[in-house]
Amino acid sequence: MGAFANQYAAKAGVRQDASGRIDVLQSIGGVRGLAESILPGLLFTIVFTVSRDLSLSLIVALAVAAVFTVVRLFSRTPLTQALSGLVGVAICAFVANQTGNAEDFFLPGFITNAAYIVGMVISIAIRWPLAGLLFGFIRGEGTDWRKNASRVRAYVLATWLIVAVLALRLIVQVPLYLADNIAALGATRVAMGVPLYALGLWFAWLVSRPAAQKEQDPPA
């Protein structure tokens with residue numbers, strides 16, 4: 001289990017900056033990763049709100065995701081995030097096209113969000129909180145933090161913080177989906193997507209800091 005945890009953490013993309021703190025921007029893929037996460041859904045919302053043409057809106061969203069993938073291909077940078085984004089947008093477009101309802105473009109995101117919540121709650125229940133797997137690796141703790149009850153509690157709290165962020169998305173966005181409010185749903189999807197997740201990740205990092213690191217940190 002420990003080897004699997006280290007492999008998972010190494011591939012998760014969470015990074016530290018030169019000062020030893022979490023590099024939130026790089027952890028979400030940098031400026032390019034932020035754009036890849038936000039623009040397809042944002043442009044879908046704008047185009048549909050203006051034109052009310054579902055097919056055109058889906059084409060624009062898919063085209064933007066495809067452009068990001070091609071740019072990464074020609075710049076020889078890792079394709080993982082762009083490809084996963086393209087596949088995600090394609091799934092959303094397929095669902096919306098099949099139902100004919102624009103709001104269903106956002107439905108796969110709700111399902112994915114709920115799956116992450118379930119996975120994180122399970123990780124807490126089995127005493128392998130996800131935040132510990134991510135942060136323990138880049139802090140050099142590996143999985144040794146599981147031997148310390150206070151560290152386990154800290155990582156459990158950090159994981160609950162991330163769960164709270166994901167749950168807040170559903171609490172706010174599902175009623176908008178049920179009300180067919182595409183404009184508000186698209187806007188909150190952008191605001192509560194990667195930016196809110198990054199904020200939650202930063203808070204999770206802070207609350208799970210080892211005591212020695214807290215003492216070394218300068219006051220805000």
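Keep in mind that what you see is a predicted model, and the values were worked out from it rather than measured.
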If you compare all heavy atoms of [X] against all heavy atoms of [Y], which two are closest, and at what distance to 0.1 Å?
X	Y	value
I182	T45	O-CG2, 3.7 Å
L86	A65	CD1-CB, 3.7 Å
D104	V95	O-CG1, 3.7 Å
L62	A90	CD2-CA, 3.6 Å
L206	R209	O-NE, 3.0 Å
L58	A96	CD2-CB, 4.1 Å

Kindly compute the distance separating [atom1] ([X]) from [atom2] ([Y]), expressed to the nearest 0.5 Å.
X	Y	atom1	atom2	value
D53	S55	CG	OG	5.5 Å
L178	L185	CG	CG	10.0 Å
W128	S123	CH2	OG	11.0 Å

Indicate yes or no: at least one non-hydrogen side-chain atom of [X] is less than 4.5 angstrom from one of [Y].
X	Y	answer
L134	W205	no
Y197	I162	yes
P129	W145	yes
L54	F44	yes
F68	V89	no
V152	V156	yes

- Message: Could you see if F94 belongs to whatever hydrophobic cluster contains I59? Use Ile, Leu, Val, Met, Phe, Trp, Tyr and a side-chain cutoff under 4.5 Å.
- Response: no

- hydrophobic_cluster_shared for I171 and L176, side chain cutoff 4.5 Å: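 Different clusters: L176 never reaches I171 through Ile, Leu, Val, Met, Phe, Trp or Tyr contacts under 4.5 Å.
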
- Task: Kindly indicate, with the supporting measurements, whether the criterion side-chain hydrogen bond (donor to acceptor under 3.5 Å, both in side chains) is fulfilled by R139 and S208.
- Result: CA-CA 11 Å; R139 281 173 170 149; S208 61; 3.0 Å; yes

- Message: Donor-acceptor pair, distance only, cut-off 3.5 Å: does the side chain of T188 make one with the backbone of Q173?
- Response: no

With a 3.5 Å cut-off and sequence neighbours excluded, list the donor-acceptor pairs that the side chains of residues 106-119 form with protein atoms.
from, atom 1, to, atom 2, distance (Å)
T112, OG1, P108, O, 3.0
N113, OD1, R169, NH1, 3.0
N113, ND2, L166, O, 2.7

- Task: With side chain to side chain contact (heavy atoms under 4.5 Å, CB included) as the test, would you mind laying out the steps for F135 and L201 before giving the verdict?
- Result: CA-CA 10 Å; F135 299 154; L201 200 64; 4.0 Å; yes

- Task: Could I get the full list of ring pair (Phe, Tyr, Trp, His ring centres under 6.0 Å) partners for W160, not counting sequence neighbours?
- Result: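 Applying ring pair (Phe, Tyr, Trp, His ring centres under 6.0 Å) to W160 gives none.
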
- Can you name the side chain to side chain donor-acceptor pair (under 3.5 Å) partners of E141, sequence neighbours left out? R151, Y155

